[in-house]
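Taking it in order: structure first as structure tokens, then the write-up.
Reminder, nothing fancy here: chain letters follow the sequence lines and each chain counts from 1. Small disclaimer: the values here were computed from a predicted structure and weren't measured.
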Amino acid sequence: MEINTGNTAWLLLSSALVLLMTPGLALFYGGLNRSKGVLNMMMMSFSCIGLISVLWVVYGFTLAFGTNDSAGLNNVIGSFSQYFGTGTSGISEEWLFLGAGTGIPTYAFMVFQMMFAIITVALISGAVSDRMKFGGWVIFALAWFTLVYVPVAHWVWGGGWIGGKLHALDFAGGTAVHINAGAAALGLILVLGKRAGWPRESFKPHNVPFVALGAGLLWFGWFGFNAGSELTVDGTTVFAFINTQVATAAALLGWVVVEWIRDGKPTLVGASSGAVAGLVAITPACGFVAPLPAVVIGLIAGAVCALAVGLKYKLGYDDSLDVVGVHFVGGWIGSLSLGFFATSQVNAAINGDPGLGASEGLFYGGGLAQLGRQFVGSAAVTVYSLVIAALIAFVIKAAKGLRVSDEAEITGIDVAEHAESAYDTSPSTGSAGAFAMAGITPSGSSADGKPSVSEKVAG
Amino acid sequence: MEINTGNTAWLLLSSALVLLMTPGLALFYGGLNRSKGVLNMMMMSFSCIGLISVLWVVYGFTLAFGTNDSAGLNNVIGSFSQYFGTGTSGISEEWLFLGAGTGIPTYAFMVFQMMFAIITVALISGAVSDRMKFGGWVIFALAWFTLVYVPVAHWVWGGGWIGGKLHALDFAGGTAVHINAGAAALGLILVLGKRAGWPRESFKPHNVPFVALGAGLLWFGWFGFNAGSELTVDGTTVFAFINTQVATAAALLGWVVVEWIRDGKPTLVGASSGAVAGLVAITPACGFVAPLPAVVIGLIAGAVCALAVGLKYKLGYDDSLDVVGVHFVGGWIGSLSLGFFATSQVNAAINGDPGLGASEGLFYGGGLAQLGRQFVGSAAVTVYSLVIAALIAFVIKAAKGLRVSDEAEITGIDVAEHAESAYDTSPSTGSAGAFAMAGITPSGSSADGKPSVSEKVAG
Amino acid sequence: MEINTGNTAWLLLSSALVLLMTPGLALFYGGLNRSKGVLNMMMMSFSCIGLISVLWVVYGFTLAFGTNDSAGLNNVIGSFSQYFGTGTSGISEEWLFLGAGTGIPTYAFMVFQMMFAIITVALISGAVSDRMKFGGWVIFALAWFTLVYVPVAHWVWGGGWIGGKLHALDFAGGTAVHINAGAAALGLILVLGKRAGWPRESFKPHNVPFVALGAGLLWFGWFGFNAGSELTVDGTTVFAFINTQVATAAALLGWVVVEWIRDGKPTLVGASSGAVAGLVAITPACGFVAPLPAVVIGLIAGAVCALAVGLKYKLGYDDSLDVVGVHFVGGWIGSLSLGFFATSQVNAAINGDPGLGASEGLFYGGGLAQLGRQFVGSAAVTVYSLVIAALIAFVIKAAKGLRVSDEAEITGIDVAEHAESAYDTSPSTGSAGAFAMAGITPSGSSADGKPSVSEKVAG
Amino acid sequence: MKLVTAVIKPYQLDAVKEALHALGVAGLTVSEVQGYGRQKGHTEVYRGAEYTVEFLPKIKVEVLTDEIDVEKVVDAVVTSARTGKIGDGKVWVTSVEDVVRVRTGERGLDAL
Amino acid sequence: MKLVTAVIKPYQLDAVKEALHALGVAGLTVSEVQGYGRQKGHTEVYRGAEYTVEFLPKIKVEVLTDEIDVEKVVDAVVTSARTGKIGDGKVWVTSVEDVVRVRTGERGLDAL
Amino acid sequence: MKLVTAVIKPYQLDAVKEALHALGVAGLTVSEVQGYGRQKGHTEVYRGAEYTVEFLPKIKVEVLTDEIDVEKVVDAVVTSARTGKIGDGKVWVTSVEDVVRVRTGERGLDAL
Ligand SMILES: Nc1ncnc2c1ncn2[C@@H]1O[C@H](COP(=O)(O)OP(=O)(O)O)[C@@H](O)[C@H]1O
Ligand SMILES: Nc1ncnc2c1ncn2[C@@H]1O[C@H](COP(=O)(O)OP(=O)(O)O)[C@@H](O)[C@H]1O
Ligand SMILES: Nc1ncnc2c1ncn2[C@@H]1O[C@H](COP(=O)(O)OP(=O)(O)O)[C@@H](O)[C@H]1O
């Protein structure tokens, strides 16, 4: 096999970019959270990188992207053996999915998809901040990855029923990633319950520059997520890239304008959140729509998500950092947008030969067919992910592994679950404060009337 | 058309890198600012990403890089229709500027140049921190982008008079970006006025690690800015890359050495600022000079800019974060350096066929011709940008949209214009402080004796 | 020569990624340090970028990667002239090391290797935080780079005795970078001595989100470090990439599991440190082993390094941020792992023609031969680097340039050596605190009973 | 007039505020302090090594009050701040010679 | 000797410092506090939801002074700290039995 | 009972704590303050421009003590906090009418 250096370099670069998104997400979520839970928040993301990477080479990839020998079973799950335990035997391994023509080694695709699996699980964590046992999170991540992410990835991209039979479109993960994670978040928090003090207290972001930087890193990495999903470098790749940029920009504007009108002031948290909403919404569509429709999709996503994050107050679920309001809602907007804007002018594989079997969108003369498919695909993933996530949470709850104690929640989950606290500046070892100079170390765990780690009590 | 996967991947990667520069700039500027204005500072950058991206696909690109049917008019402005509203119709679109030989789709170039437009406008914001109405900023950004950036980009790179007739060189934006933004900053602040307390108070950076990290992200992204500006991957690209590295490193040293000698101590803010000064200075030159001259250019830029940032105290304009001292001065240094060091050994298009029409620099036997051209091009942009920026500011001022109230400035522009504050750690919800544990939320807006947002007064 | 756009783009991208690692390292180290020394910590990294970049083009590259005319001398040092002062004359320069077949210009390789030299020196700084004079650091960096890094790079990669005669393997720098820097750190701190208060005080990280973000940026950049070290894009490149990911993930898990068992809680600092340990250990091996062995190497590295960082308390050397425990120990683990897992299935150059002259590892039928070579190569670098580093430190100490005064150490090295302090939030110019509103500037230098910068004392 | 000063556990501030509110106390001033006492801090582990934290975060509450109400105020604070565990803190009373309301210049009881 | 304690609005500190300086007061000590009183805080909006902030940042100023000057000091503080708006704060005076200057061991008035 | 209040240099806190400990003082409360006095702050340079810092960080220590021990406490603090340089701070004594231990409700000397 001849490796195409341009294509392979692009896919590896894209993989690195998508990996970076998870620390970026950790920072985004961490900054949005209160400071006493920022480390737990980031640790949920980091643990996903550790866990899912290893599971992916062992069994994730083969189940998601291997081809099941039974054509019927292949609708729901990939191969149990093809790539099991990585399954490839060396550098002579060829690219299998798209034929040798792309010149991309299988391992490059495996690692690219690994990064998707990591971040999808990590996305869920934003809903559960400040109150979920870390051990419970690890179990949940493991179970949901295995029972939900892997099969859904197969349904959508691995030759399963959504992509292969239904012909719903999902360029880079509107259904497989964002709706999937958003629905799981909802299922999980319905079982987990609200944070102490919610919604009475404000739970404002503790570090807004982190939020903005996190959004910036996500945006940067998302080019790999979206434009990398074409795998090769061609005209569609370039569309995916420019669409990612303009839709995100438009969504940033959309969110900020809603704030400006509704609250009187545009905020940086709003701009950052709007950008993420736009990135989410354009994800499934980026390789199938033209730039001006991308702007429209972005504007709608930004404005609608800015309103949707208020839903939790009306409906009473505590989605801490708005995973539902942004990823679930944004994912649906993007997925449905394909029913209107998908066009073979951008992606020849629509209606093409060998094609995706999908139709042009409503505004491109394809009628309502594609809209219907998008709805069915997205709805199926919504229901499946939400239900299984809730069931997993239920089992963990029954085993008393789901929620930290009230005391731990008040003390702060960082100290309670990780025995560390995020900052040690002003009342500590910094050069400016008097306590710092006096060498007063801040109390990591607050013994005050609450149970604490290894507290020594005298007299 | 056959797409060159290596070239196109490179240009897309470069575009992503340049996009990252704007959040990097936001962090750099945000860290340099006082903490009560960090969010406004970052918001000015983020709003540019939102705004300019959309405007660029609608009318910016066609006016800057389209070819005007009238050869005379084309000296000053591009086409009103060629790419209007994106103007391209699909994946079969070919690369037009350099012929099909490069194998790069037009959209890739469009998005690359979009990122340049974004950051150029964002650069200006560093001069106006803590006192400009956010609405006024948005209007300014929109107007200056339209009236100045777009035509100047055309003059320099789009076939207009500076690049096409005068044959002044500007590889990646010394004139079009840095001199342009720096002059605009000066024009704007002359109308806007000084911050309350300036120059009596110190206005020291509130978060130096952010400054350094911002500089690091800028440096990283700048490889896309500079080496990406060759568009394709060839020998000149590699020169642009290595020159960017060594000039920046040398400028870091130059700035730090000046501090060490003058103030007795080298600082991290100095190292970060020096790096930015070097990046600015090498920008126009990186694809036209050899590495050792790049070191010299960097050293000079670092040392001169370290001194130039003190000018504002002498001349009495409040350029908050030294946009003039670094970008304007550094841009000029880089632009003029081409008159001395430009050589066809590095870029065959100098004197080549089809070439840029430029001459070798003084030290390469080309005499003073090129130095003269560089001076005229840079001076023209200086005057044009400064005057138009001041005029725009003047109009906004007349409409009472330019400057926040004194109270808002003292309270802090983050709270006043965005109703949010950056940090919520020590006296809040962190785990270390007593107020945190007691659940005392810091007052975002300080009602004390100053008008405040939705203050409730009882009794 | 025909440039290969894919290969060259990949090598330039990798160079940019490796550059980013140094600011990433600065953030990682800075966050791990106390807040009164964070700027000095970061400044040590930034000064390396400035210094080493320039020295590399002047004499580093030619000595490390030039070929000495004397075949005997070439075992120990490269050419004094071949690339002196950059030595190449223009864009027609051809790729020399691997022949014209790779299509990569020499300058691309030069800048890639420059980034390695920078970060290797910067790595050492983590051991000396809070107590080394900045001037002394600069001298040390310059001397160690010249006397140790440059020859060792030649021995390992430039055709010298370790790579060329002994046939020890080192894909991306286990020996040349990590063992080398770790041994130097040990040599340096043995002369420098302990921090005041160590080990009585805790010296906990002052900003854990910075640590995690730093680790994330390092991870991202390390793809360039490791997969870029193949220089071209081929099957081995892809192995290097996926191995980097899974070994690092496994090491993160390994470290966290040790903490969970030993201390009862998994920490984010642990996860971040584990990731770095994994990155270090897989560095020499990534292009020679298969993914499942990479997982094993990572798990071992994470667990062993988690224990190794405790050694300093037992042995009594103050390795502030665990450069020895992570880089030295992790480097050895990775280097020795090649004796077990190296295989020509992953890298045809093992036993190949023209090959590296190395054998398959023990588990791939190669017996103990390669393990022996790895041991000898690593041990030689350990001894050489440690001894020379200690000697350099000794000379600087004799010249009274090594260590700051006790007062400076207590006041904080940021203020003492750089006249700046990192943060200015809570007791200052932020919008939340009362001191901020009152305009009380925090005292950068604390005059209290300690000598201070330009203190004015009145009657 | 009297000044009642209390050093309490941070989590008890809400309860103390409520208790004082119930008594009709119109205002109070709080600050962050660090306490050292019988409650001996605790040890922390970092990278396998143990450290002792001696000072513990506390909240200081200051209430200016009428001579007549002082016992009620002290009792309210003591009762609401109590968790029964060591380190609950101290309350003390000092005599105040005069109080002025800055806004109006009113003095004495009128200033409260 | 007396101790004059003032809880004031942060922005007034400069004015208070100047006023005391003009009186010849040689030193003072300030700290950050949070006040609760008639001035009721304010509401804040985050993502469309409203929250009440009850405590407001204030500055506490402490001045040790001669018995004779105490009225002048109180007046200076009250006048300079006044904005006339609710929340301007309180000033109170307590009696001090002894003062020592740490540096010299001087006591009483000499210690000021 | 008495309250001994000391405003000292931050680096002296350790010494003061040890000295009080040696005296058998069971507890104390410290807070961060900023001091203004004869010790005039210093100038700082930022980008070549000079600025004056007027307030300096200090630590305030408060110790409740028995009437009988008050002189010993004051002496211990003054001696241990002294560096002999300007800005060493002040120590002052005020009278306390009552002290309560929150945990037990004990009053007076028993509460210390
Ligand atoms: N003599 C004292 N002077 C001033 N403050 C004290 C004194 N003793 C205790 N405190 C304060 O009271 C807090 C609680 O005291 P401690 O001895 O720990 O518990 P308890 O009051 O329940 O016996 C301490 O943290 C400290 O802030
Ligand atoms: N009884 C009190 N004891 C202690 N501090 C008080 C008391 N009442 C008010 N304060 C302090 O004075 C500040 C201003 O009081 P407030 O009632 O808001 O306004 P005003 O003094 O103008 O009537 C409060 O924020 C609080 O810090
Ligand atoms: N009159 C005062 N009232 C309250 N605090 C004071 C007074 N004078 C000085 N201080 C405090 O004491 C500290 C030291 O005083 P200063 O005059 O600088 O030195 P010294 O006490 O050695 O003469 C000051 O920083 C301030 O906190």
Side-chain angles (χ1 to χ4, degrees), chain B residues 4-7 9-10 13 17 34-36 202 204-209 212-213 216 219-220 223 227 232-239 241-242 245-246 249-250 252-253 256 263 265-269 271 290-292 295 345-346 348 411-412 414-415 421 423-424 426-427 442-444 446 448, chain C residues 3-9 12-13 15-16 19-20 22-24 26-27 30-31 38-39 42-43 46-47 49-54 57 85-86 89-93 105 107-108 110-111 114 134 207 210 417-426 428-433 436-437 439 441 444:
Chain B
N4 181 311
T5 59
N7 283 346
W10 175 248
L13 160 66
L17 286 171
R34 291 183 299 176
S35 74
K36 66 184 176 183
S202 73
K204 285 194 302 184
H206 88 282
N207 196 323
V208 179
L213 177 60
W219 196 327
F220 175 62
F223 287 121
T232 59
V233 181
D234 55 31
T236 298
T237 313
V238 179
F239 272 105
F241 193 102
I242 196 169
Q245 176 66 17
V246 295
L252 187 162
L253 296 179
V256 161
D263 307 330
K265 311 266 176 182
T267 70
L268 184 58
V269 171
L292 284 189
V295 169
Q345 286 168 24
V346 169
T411 305
D414 286 354
V415 166
S421 47
Y423 307 103
D424 186 0
S426 154
S443 171
S446 62
D448 296 25
Chain C
I3 282 183
N4 181 310
T5 60
N7 283 346
T8 304
L12 291 182
L13 159 65
S15 304
L19 182 275
L20 182 64
T22 302
L27 200 69
V38 52
L39 301 187
M42 299 183 80
M43 190 66 176
F46 274 71
S47 59
I49 311 184
L51 202 65
I52 309 297
S53 299
V54 174
V57 291
T86 79
S89 57
I91 47 176
S92 60
E93 178 65 31
Y107 273 126
M110 186 192 286
V111 82
M114 181 192 294
F134 182 67
N207 195 322
F210 277 1
E417 287 290 286
H418 305 288
E420 55 184 351
S421 48
Y423 306 103
D424 187 359
T425 45
S426 155
S428 94
T429 51
S431 53
M437 293 176 189
T441 315

[Y] side chain reached by [X] side chain, heavy atoms, under 4.5 Å:
{"X": "B:Leu253", "Y": "C:Ser47", "value": "no"}
{"X": "B:Leu268", "Y": "C:Phe46", "value": "yes"}
{"X": "C:Phe210", "Y": "C:Met42", "value": "no"}
{"X": "C:Val57", "Y": "C:Met110", "value": "yes"}
{"X": "C:Thr22", "Y": "B:Trp219", "value": "no"}
{"X": "B:Pro291", "Y": "C:Tyr107", "value": "yes"}

[options]: which one forms the most heavy-atom pairs within less than 4.5 Å of chain C?
{"options": "B:Ala212, B:Pro205, B:Gly216, B:Ala271", "answer": "B:Ala212"}
{"options": "B:Leu252, B:Asn4, B:Val238", "answer": "B:Val238"}
{"options": "B:Val256, B:Leu13, B:Asp263, B:Val295", "answer": "B:Leu13"}

[X] versus chain C, heavy atoms under 4.5 Å apart: side chain, backbone, both or neither?
{"X": "B:Ala9", "value": "neither"}
{"X": "B:Ala250", "value": "both"}
{"X": "B:Ile242", "value": "both"}

Quick check on the interface: out of [options], who has the most heavy-atom pairs with chain B under 4.5 Å?
{"options": "C:Ser15, C:Ala16, C:Gly6", "answer": "C:Ala16"}
{"options": "C:Val111, C:Ile49, C:Thr8", "answer": "C:Val111"}
{"options": "C:Asn7, C:Leu51, C:Val38, C:Ile52", "answer": "C:Leu51"}

### Query
Looking at C:Phe134 and C:Glu417, what are the two nearest heavy atoms and their distance?
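Shortest heavy-atom separation between C:Phe134 and C:Glu417 comes out as N-OE1, 2.8 Å.
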
### Query
If you look at every heavy atom in B:Val246 and C:Ser53, which pair is closest and at what distance?
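Nearest pair, atom of B:Val246 first, then C:Ser53: CG1-O, 4.0 Å.
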
### Task
Sort C:Leu19 into side chain, backbone, both or neither according to what part of it lies under 4.5 angstrom from a heavy atom of chain B.
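Interface part for C:Leu19: side chain.
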
### Query
What part of C:Leu12 is in contact with chain B, defined as an atom under 4.5 angstrom from a non-hydrogen atom: side chain, backbone, both or neither?
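Contact with chain B involves both backbone and side-chain atoms of C:Leu12.
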
